Every structure is written in C-alpha cells, then in structure tokens.
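Heads up: the structure comes next, in structure tokens.
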Amino acid sequence: MKVVNHLLEGVEVVRSPNVSGFMTPTGAIMHYTAGYTADSAIKTLCNPAAKVSAHLVIDTDGTITQLVPFNRIAWHAGPSKLAGRSGCNNFTIGFEFVNPGFFRIAKDGKTVMDWEGKSAVPAARLAQYDLSLRAPNKKIGGGTFIWPDYTDAQIEAGLAALRAIKEAYGLTLIAGHEDVDTRGWKTDPGPAFPMGQFKAIINATDDRSDGAKPAVSRFLVNVPKLNVRQSPRADAAVLAVLSGGSEVVVIEDLGVWSLVEYAPGKQGYLSDQYLKKG
C-alpha cells in the first residue's frame, strides 16, 4: 500500500464536501464511528448538514474508503489539542474505524443497552462482537461499560494505511480522539482499540518491511503470576496468565504499562512494576 497524489492507491474514493483548505499532515487521530456499518458512516461524513468528515473509513472486513485527500483539512477532531497545538484538524489525518463504541449495562446487570441506555441492543447486532471487555469511563458516567472489539481485518488495514501515510509524510504524532478532545466527553477509540500497535509505527518500533525485528528490550516477570491485559488498564480483559520468570519482549513503554510480546506473534499489556530486566 502506498500514497499517490495524496490518496491511498487502490482504495475506493468517495469525496466528502466537508473539507477546508490545504495542510501538511504531521499526525493521525484514531476514532470509532459509533455505528454498525461503513455505509452509514460514509453517508454521515459526506452529508453537508452534518458538518463532519474524516480522511479514511475502515470497515470491519478491512475495506478502506477514502473521503478526503491527505493534504486537505477534514473535520474529524473538533475542539482539540495535541503536542501543544490547538485545532488538530489542521495538521492530522482522521481514521474512522467502524465500531459501535460502547454499550451500557441495564440495571439487571445482564441486558446490553445502547450507548444512551434507552433501548436493548438486538442480539443480532451483538453476535459479531467480543463483549468481554468491560471498563469504567468517568467521561460517560458511573458504572461499567461494554467495549466491543475491533476485527483483526480492520486493524491490519489500519496499520497498513498508517505505514503508507507515515512513509509519505513523515508523521510524528498519533493519538486517540479521547486524548485530544478539549471538551472532555469523547471516548473514542476506547480501551478495545490496540493503540500500542499504531503508536509503534509512529515511534519507529514497528516491524520493518524486510521482516527484521527492531531493537527491543527483554524483561522477566518478577511475581508468581501476572495477567496479560487486552489494554493498559488494571480492569481490562485478561489475554493470558504468565508464570514467574517468564520472558517478554517490550515493544513499547507507555509509562506505568508496557506493550509486550508474550508469545510468538501475541501481544498484550503488562504493568511495569511486575517486570525486571532480563
């Protein structure tokens, strides 16, 4: 995959009228669509009355649709700030991943409700998602929320697109919408999104195209048992349980958490306090 004339080569282009002037992108912002289909997202992002747009929409099957050339300003971030710069629309590329965002849990503790908590979500809608990730978020109130997973196909498509865009423009910044929103209520792309994999590309720790691994650090688990988490949160879903002395490869240090490879081809998050240099 590569960028040609500010478009991803080989993907469908549906031009959104919701654009501003020209820009030189230096970053990327990750979003979820808060919906179930790419068609509905594209329709909204191309509707002049909606006054929103994004550069890319990535469907659950990995299909990418481009709505805005990468050298034009799309309206995806709203009031925002990243790396000391306000107005992220003016220097970032917007990625929209088809995903409903989050579900609420009814008072009975079982029924899955829509994001507003007004109606139960039909079972047919839920069948395609892993609903095991449950986590609180103070931005949307008290309690625990369900964060449906992203598909492997759309994550791989998003990573491939980001690699091509970085190569074309030399991006140095990446964040989720929730990280840059200055209004304090955005939650996308949420804890189910593997942000560490995308940050690894921008931070140059991603696998090289020749198949060689980048320089990494090896650490050992220093407690009898340690949970590998799906996201860097203590209440995130458990992917695996490692025994004391297990060796892991740190792909990215996030501060108090690290994205690690804990088995060949398998990645997850571990708390730094339970690791020691191998």
Side-chain angles (χ1 to χ4, degrees), residues 16 18 27-47 50-68 74-80 82 88-89 92-105 112-117 121 125-141 144-162 174-181 183-199 230-233 236-237:
S16 173
N18 302 335
I29 304 296
M30 304 292 124
H31 306 258
Y32 55 57
T33 61
Y36 297 96
T37 69
D39 288 344
S40 64
I42 292 168
K43 183 177 180 180
T44 298
L45 295 168
C46 291
N47 181 358
K51 298 182 179 179
V52 291
S53 61
H55 293 88
L56 301 176
V57 173
I58 303 177
D59 203 352
T60 55
D61 66 358
T63 299
I64 300 175
T65 303
Q66 184 156 1
L67 308 184
V68 177
W75 306 343
H76 61 96
S80 53
L82 175 62
C88 292
N89 287 342
T92 63
I93 292 169
F95 284 62
E96 289 278 357
F97 291 84
V98 176
N99 184 283
F102 65 88
F103 299 120
R104 295 181 184 270
I105 305 173
V112 178
M113 308 293 288
D114 62 21
W115 66 274
E116 293 180 297
V121 181
R125 287 283 196 195
L126 299 175
Q128 61 182 308
Y129 298 108
D130 177 354
L131 303 178
S132 62
L133 179 54
R134 303 190 176 203
N137 190 301
K138 293 183 179 179
K139 293 180 179 180
I140 47 180
T144 300
F145 304 91
I146 299 172
W147 303 88
D149 65 324
Y150 294 80
T151 70
D152 292 341
Q154 67 184 156
I155 295 304
E156 287 303 317
L159 292 170
L162 185 61
I174 186 169
H177 194 187
E178 60 190 323
D179 301 314
V180 303
D181 172 49
R183 292 162 292 187
W185 57 272
K186 289 294 184 179
T187 59
D188 51 324
F193 187 79
M195 181 62 80
Q197 295 182 44
F198 289 79
K199 286 184 175 180
Q230 188 174 42
S231 61
R233 301 170 67 109

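Because only heavy atoms are used, hydrogens play no part in the values below, and waters and symmetry mates are left out as well, while side chains stay in. On a predicted model such as this, the values are computed, not experimentally measured, just so you know.
For Phe103, the ring pair (Phe, Tyr, Trp, His ring centres under 6.0 Å) criterion is met by no residue, not counting sequence neighbours. By the ring pair (Phe, Tyr, Trp, His ring centres under 6.0 Å) test, Tyr129 is found to be paired with no residue, residues two or more places apart in sequence or in another chain being considered. Every residue two or more places apart in sequence or in another chain that forms a side-chain contact (heavy atoms from CB on, under 4.5 Å) with Ala50 is listed here: Thr44, Asn47, Val52.
The number of heavy-atom neighbours closer than 6.0 Å to CH2 of Trp75, taken from other residues, nucleotides and ligands shown, is above 12. For Lys139, the NZ atom is densely surrounded, since the number of other residues' heavy atoms within 6.0 Å is greater than 12.
The heavy-atom pair separating Ile105 from Met113 by the smallest distance is C-CG, 4.4 Å. The nearest pair of heavy atoms linking Gly94 to Ala54 is O-CB, 3.8 Å. Between Gln66 and Val68 the shortest heavy-atom distance is NE2-O, 3.0 Å. The heavy-atom pair separating Leu162 from Ala28 by the smallest distance is CD1-CB, 4.1 Å. Heavy atoms only, all atoms of each residue included: Val98 and Gln154 are closest at O-NE2, 3.4 Å. Summarising the geometry of Ala161 relative to Phe95, their closest heavy-atom pair is CB-CE2, 4.1 Å, with the distance given to 0.1 Å.
In this structure, His177 NE2 and Thr187 OG1 are separated by 9.5 Å, a value rounded to the nearest 0.5 Å. Taking CG from Asp179 and NZ from Lys186, the interatomic distance works out to 13.5 Å, rounded to the nearest 0.5 Å. Here CG of Asp188 is found 10.0 Å from CD1 of Ile29. Values are rounded to the nearest 0.5 Å. With rounding to the nearest 0.5 Å, the separation of CH2 in Trp185 from CD1 in Ile140 is 11.5 Å. The structure places CG of Leu45 at 11.5 Å from NE2 of His55, a figure rounded to the nearest 0.5 Å. For the atom pair NE2 (His31) and CD1 (Ile58), the distance works out to 11.5 Å, reported to the nearest 0.5 Å.
Side-chain N or O atoms of Thr33 include one that pairs as donor or acceptor with a backbone N or O of Asn99 at under 3.5 Å.
Checking Thr37 against Asp39 by side-chain atom types alone, no donor-acceptor pair falls below 3.5 Å.
With a 4.5 Å cut-off on side-chain heavy atoms, Gln230 and Pro194 do not count as touching. Between Pro191 and Glu178 the shortest side-chain heavy-atom distance does not fall below 4.5 Å. Within the 4.5 Å cutoff, the side chain of Thr151 has no heavy atoms near those of the Asp61 side chain. Within the 4.5 Å cutoff, the side chain of Ser80 has no heavy atoms near those of the Asn89 side chain. The shortest distance between side-chain heavy atoms of Thr92 and His76 falls below 4.5 Å. Taking the side chain as every heavy atom from C-beta outward, Leu131 and Pro148 approach each other to under 4.5 Å. Side chains of Ile42 and Leu67 form a contact here, defined as non-hydrogen atoms less than 4.5 Å apart.
The aromatic rings of Trp147 and Phe145 sit perpendicular, their planes meeting at an angle over 60°, well past the 30° parallel limit.
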Apply the test ring pair (Phe, Tyr, Trp, His ring centres under 6.0 Å) to residues Phe193 and Phe198: give CA-CA distance (whole Å), side-chain angles for both, the deciding distance (0.1 Å), then the verdict.
CA-CA 10 Å; Phe193 187 79; Phe198 289 79; 4.8 Å; yes

Check the pair Tyr36, Thr60 against side chain to side chain donor-acceptor pair (under 3.5 Å), reporting the backbone distance first and the verdict last.
CA-CA 9 Å; Tyr36 297 96; Thr60 55; over 6 Å; no

